[in-house]
Amino acid sequence: IPTVIEKCYFPYALCKGLERFDLSTASIYRVLHDELGIQLCHVRQTLEPVLATEEEAAILNVEPGFPLMLVTRIAYADGEIPVEYGKALYRGDCSRFVSELRL
C-alpha cells in the first residue's frame, strides 16, 4: 500500500554528487554527513492536515478529499544554511507521528 508521496530538494552547490548514491537503501542524512561532509544542526518540520487532490489520491490509492498529513521540512547545516527542503504527504489512516523534546 503506498503510504507517502515525498519530494525533497537539495542545493546543487552544496550537494553536488548526491545523485550517485542509492537512496533507496541509504539514509539521506547519513550520505550528507559521511559522504558529502555536511553536518546538519537542526530540522524544522510543520505538520498540517490537508485533503488529497485527484492526482495525490490516484498515487495513494484513496479517494479525492481523503485526509492526508502534509509534513514540510527544512534541514539546516551549521551556520543556518538550508540544505534540504522537503514536502511529504502521508495517508491519514496508516501513519503515526511521534514528537520528542529533549531539554
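Computed from a prediction, not measured in an experiment: that's the story for all the values here. In this chain, residues are counted from 1 in sequence order.
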Kindly give the heavy-atom pair with the smallest separation between [X] and [Y], and that separation in Å.
| X | Y | result |
| --- | --- | --- |
| Leu51 | Gly65 | CD2-O, 3.2 Å |
| Pro82 | Ile74 | CB-CG2, 4.3 Å |
| Asn61 | Arg91 | O-NH1, 4.1 Å |
| Cys41 | Ala77 | SG-O, 3.3 Å |
| Phe66 | Gly92 | CE2-N, 4.1 Å |

Measuring only between side-chain heavy atoms, which start at C-beta, is Leu40 closer than 4.5 Å to His33? no
Is any side-chain heavy atom of Thr72 less than 4.5 Å from a side-chain heavy atom of Tyr85? yes
Rounded at 0.5 Å granularity, tell me how far [atom1] in [X] sits from [atom2] in [Y].
| X | Y | atom1 | atom2 | answer |
| --- | --- | --- | --- | --- |
| Asp78 | Ile38 | CG | CD1 | 11.0 Å |
| Cys15 | Leu36 | SG | CG | 6.5 Å |
| Thr3 | Asp93 | OG1 | CG | 9.5 Å |
| Ile5 | Leu89 | CD1 | CG | 5.5 Å |

Just wondering, are more than 12 heavy atoms of other shown residues or ligands nearer than 6.0 Å to [atom1] in [X]?
| X | atom1 | answer |
| --- | --- | --- |
| Glu19 | CD | yes |
| Glu80 | CD | yes |
| Glu63 | CD | no |

ILVMFWY cluster, [X] and [Y] together (side-chain gap under 4.5 Å):
| X | Y | answer |
| --- | --- | --- |
| Tyr76 | Ile28 | no |
| Leu47 | Val4 | yes |
| Val71 | Val50 | no |

Would you check if the side chain of Arg73 reaches a backbone N or O of Val43 as a donor-acceptor pair within less than 3.5 Å? no
Trace of the side chain to side chain contact (heavy atoms under 4.5 Å, CB included) decision for Leu68 with Leu60: CA-CA 10 Å; Leu68 305 176; Leu60 294 172; 3.7 Å; yes
Apply salt bridge (Lys or Arg N to Asp or Glu O under 4.0 Å) to Arg44 and list each qualifying residue two or more places apart in sequence or on a separate chain. none
Evaluation steps, side chain to side chain contact (heavy atoms under 4.5 Å, CB included), between Arg30 and Glu35: CA-CA 8 Å; Arg30 183 162 310 282; Glu35 305 295 336; over 6 Å; no
List the steps and the verdict of side chain to side chain contact (heavy atoms under 4.5 Å, CB included) for Leu18 and Tyr12. CA-CA 9 Å; Leu18 183 61; Tyr12 182 77; over 6 Å; no
